[in-house]
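Naming: A, B, ... by sequence-line order, numbering from 1 per chain. If you're wondering where the values come from, they're calculated on a predicted model, not measured in any experiment.
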There are 2 protein chains.
Amino acid sequence: MAQQILKTAAIEKSSHLEYFNIATSVDCVLFGYEQKQLKVLVIKSDLQEFMGLWSLPGDFVRVDEDIDDASYRVLQQRTGLNDVYLEQVHAFGSVNRHPSGRVITIAYYSLIDITNHQLRLTDNELHWHPVFELSKMAFDHKLILDTCLQRLQEKVMEQPVVFNLLPGKFSLRELQDVNEAILGVELDRRNFRKRISLKNWLEDLNEMEEDVPHRPGKLYKLKDELLRHGKKELHEIS
Amino acid sequence: MAQQILKTAAIEKSSHLEYFNIATSVDCVLFGYEQKQLKVLVIKSDLQEFMGLWSLPGDFVRVDEDIDDASYRVLQQRTGLNDVYLEQVHAFGSVNRHPSGRVITIAYYSLIDITNHQLRLTDNELHWHPVFELSKMAFDHKLILDTCLQRLQEKVMEQPVVFNLLPGKFSLRELQDVNEAILGVELDRRNFRKRISLKNWLEDLNEMEEDVPHRPGKLYKLKDELLRHGKKELHEIS
DNA sequence: ATACAATATGTACTAATAACACAATAGCTC
DNA sequence: GAGCTATTGTGTTATTAGTACATATTGTAT
């Protein structure tokens with residue numbers, strides 16, 4: 001019957017110093033929507049090992065910073081935004097995933113209304129790239145992107161997340177286009193509208209599209225109480 | 001137009017040494033089922049700060065070890081098992097979650113057939129505790145437990161995971177009991193059986209329960225091709 | 001005025017879910 | 001072994017969600 005030896009945290013830390021040898025980073029999959037395409041914000045890798053390849057924006061987690069805060073910091077740095085929905089998806093921790101040493105990364109995704117927010121283009125190597133036109137990326141970033149995309153696809157018809165990709169006012173056609181761009185399939189218009197109206201997410205603005213070369217559609221907005229911004233988490237809304 | 005400076009990984013590592021100051025751990029929520037209750041394997045905290053509180057089994061990730069391997073190592077250490085389904089759920093990284101220093105932890109859950117596998121009881125402070133009778137735990141382990149429980153509840157009726165909690169042969173009543181223990185609700189027997197038969201997960205063994213003080217039920221097993229073990233991942237089985 | 005392009009809308013079929021009741025069987029007791 | 005008890009096994013109806021599919025309407029452009 002082994003007698004349990006109680007340790008203080010301070011003693012424990014000194015006995016485990018060798019484990020403080022792994023860095024932690026966050027990587028952000030920032031999705032946008034433009035010209036009927038789902039896009040993701042990527043940046044040219046600055047490592048010689050990955051020269052010419054795109055990578056996801058990310059950074060090391062600081063010792064005095066929560067991991068969620070680190071991802072908001074990356075988001076803010078790259079887009080100037082700090083009030084959008086950001087969701088943790090998965091941690092990636094293969095031993096050799098990063099050539100600089102042992103780095104475990106935690107992946108987040110977010111949805112950005114490209115057209116209404118200017119990027120902080122610190123250099124022209126940062127840009128919005130069509131998601132389905134990226135095959136090879138630096139590090140394991142293709143895997144990270146695919147994992148986040150899959151999560152987004154699972155959520156898109158179930159929870160009101162996709163509205164972050166759109167301006168405040170939109171037509172049902174625009175909403176359907178976004179959904180199709182994310183899912184990579186075509187949807188039946190009548191069934192789509194029925195599903196959306198069943199969800200009861202939208203408020204009819206009694207306004208019409210303008211300057212379209214055809215019969216204009218009605219404009220809607222997401223109900224205020226369903227807006228997700230900042231760190232607020234809304235769970236399981238139907 | 002800032003000129004991009006290419007760095008080698010080696011140069012980058014030396015310039016970021018201050019970030020290699022955060023430890024990474026894994027914590028495992030090992031669920032079991034016994035006496036119609038959902039249980040979780042817990043261990044008395046060995047830190048003075050949390051004296052008397054239960055904590056989840058976990059360990060630091062080693063520098064030369066994948067994070068998934070670390071969770072399998074913890075599982076093996078505590079239960080002697082290495083061929084069960086283990087799923088990553090979430091990373092927890094508040095600055096002050098661990099009194100020994102900055103430790104980010106990655107949570108996994110797994111399902112164990114308690115009755116058929118002896119624990120490696122290195123000391124008697126390790127035991128199976130009813131999940132719904134834990135209110136306060138060491139560190140943020142209550143939050144981790146709740147997060148993993150929620151994930152399990154979401155999956156249990158959709159994917160064939162729960163069979164890992166049961167022996168190889170079981171009756172439909174036993175299966176229903178497990179589901180009820182996980183979800184914390186009562187289910188209608190006829191509807192439950194219909195749903196299960198629709199899933200087509202089970203194989204009728206043409207055997208009967210024995211030594212029950214009532215009409216015996218038929219015994220079933222999970223179809224071989226649906227067994228999840230080791231690191232194999234089966235996705236989206238209906 | 002006509003052609004065009006897209007909007008708006010409804011019905012019939014199928015699948016899944018939820019509520020609900022009764023006959024059959026094995027062990028146990030007396 | 002008669003009767004009691006506990007639990008198995010099974011089916012119908014009503015409701016809701018999902019899928020496939022066609023026609024009339026409205027505004028712009030020529």
Side-chain angles (χ1 to χ4, degrees), chain A residues 33 35-36 153-160 162 166-167 169-221 236-238, chain B residues 33 35-36 153-160 162 166-167 169-221 236-238:
Chain A
Y33 174 74
Q35 292 159 326
K36 303 207 178 192
Q153 288 177 334
E154 286 162 10
K155 276 196 119 144
V156 75
M157 290 301 286
E158 300 308 320
Q159 292 194 39
V162 77
L166 287 169
K169 303 177 180 186
F170 49 85
S171 66
L172 289 175
R173 157 54 59 187
E174 288 173 297
L175 181 59
Q176 184 178 342
D177 284 343
V178 173
N179 279 267
E180 289 177 343
I182 291 172
L183 295 170
V185 296
E186 300 214 331
L187 303 172
D188 177 87
R189 192 152 48 95
R190 284 161 292 183
N191 293 339
F192 176 79
R193 293 160 103 95
K194 193 190 302 179
R195 266 178 92 164
I196 291 294
S197 89
L198 228 29
K199 298 279 186 192
N200 211 26
W201 289 339
L202 300 186
E203 187 176 321
D204 187 340
L205 287 169
N206 292 311
E207 293 177 57
M208 291 300 205
E209 283 182 304
E210 281 171 26
D211 300 319
V212 287
H214 53 76
R215 173 176 175 181
K218 291 172 124 182
L219 292 178
Y220 296 83
K221 65 172 222 172
E236 303 307 314
I237 291 150
S238 61
Chain B
Y33 174 74
Q35 293 159 324
K36 304 208 176 190
Q153 289 176 334
E154 286 163 10
K155 277 196 118 145
V156 75
M157 290 300 287
E158 300 308 321
Q159 293 193 38
V162 77
L166 287 168
K169 302 177 179 185
F170 50 85
S171 66
L172 289 176
R173 158 53 60 185
E174 288 173 298
L175 182 58
Q176 185 178 338
D177 284 343
V178 173
N179 278 267
E180 290 178 343
I182 291 172
L183 295 170
V185 297
E186 299 215 333
L187 303 172
D188 177 87
R189 193 154 46 96
R190 282 160 295 184
N191 292 338
F192 176 79
R193 291 160 105 95
K194 195 188 301 176
R195 264 178 92 164
I196 291 295
S197 91
L198 228 30
K199 297 282 185 190
N200 211 25
W201 289 338
L202 300 186
E203 187 176 322
D204 186 340
L205 288 170
N206 292 311
E207 291 177 59
M208 292 299 204
E209 281 181 304
E210 281 172 26
D211 300 318
V212 287
H214 54 76
R215 173 174 174 182
K218 290 170 123 182
L219 292 178
Y220 296 84
K221 65 171 226 173
E236 303 307 314
I237 291 150
S238 62

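Residues B:Gly217 and A:His214 each lie close to DNA chain D; by heavy-atom proximity, the contact nearer the 5' end of the strand is made by B:Gly217.
The side chain of A:Arg190 places no N or O atom within less than 4.0 Å of a non-bridging phosphate oxygen (OP1 or OP2) of D:dC21. Taking 4.0 angstrom as the limit, A:Arg215 places none of its side-chain polar atoms (N or O) nearer than this to OP1 or OP2 of C:dA8. In terms of phosphate contacts, A:Arg173 brings a side-chain nitrogen or oxygen within less than 4.0 Å of OP1 or OP2 of C:dT7.
Minimum atom distance to the side chain of B:Arg193 is reached by D:dT8, of the listed D:dT8, D:dG27, D:dT19. Across C:dT7, C:dA8, D:dG11, the shortest atom-to-atom separation from the side chain of A:Lys218 is found for C:dA8. Here C:dA21 is the nucleotide among C:dT9, C:dA21, C:dA18 with the atom lying nearest to any side-chain atom of B:Arg189.
Taking 3.5 Å as the limit, the base of C:dT11 and the side chain of A:Lys194 contain a donor-acceptor pair of atoms between them.
Between B:Asp177 atom CG and D:dT7 atom P there is a gap of 10 Å when expressed in whole angstrom units. At whole-Å resolution of the value, CG in A:Leu172 and C1' in C:dA6 are 13 Å apart. Taking atom CG on B:Asp204 and atom C1' on D:dT8, their separation rounds to 14 Å, with Å as the unit. Whole-Å rounding puts the A:Leu219 CG to C:dT7 C1' distance at 13 Å. Taking atom CE of B:Met208 as the reference point, atom C1' of C:dA24 lies 11 Å away to the nearest angstrom. Remark: C1' of C:dT14 and CG of B:Leu198 are 13 Å apart, rounded to the nearest angstrom. Atom CZ in A:Phe170 sits roughly 15 Å away from atom P in C:dT7 (whole-Å rounding). The interatomic distance linking A:Leu187 (CG) with D:dT19 (C1') rounds to 12 Å, in whole Å.
A:Tyr220 contributes atom OH, which lies 10.5 Å from atom CG of A:Leu175 (distance to the nearest 0.5 angstrom). Annotation: the span from A:Asp177 atom CG to A:Glu186 atom CD amounts to 10.0 Å, rounded to 0.5 Å. In this structure, the separation between CD on B:Gln176 and CZ on B:Arg193 is 7.5 Å, given to the nearest 0.5 Å.
Residue B:Lys169 is tested with B:Glu207, B:Glu174, B:Glu209 for a salt bridge (Lys or Arg N to Asp or Glu O under 4.0 Å); the sole match is B:Glu207.
A heavy-atom distance below 4.5 Å is not found between the side chains of B:Leu219 and B:Met208.
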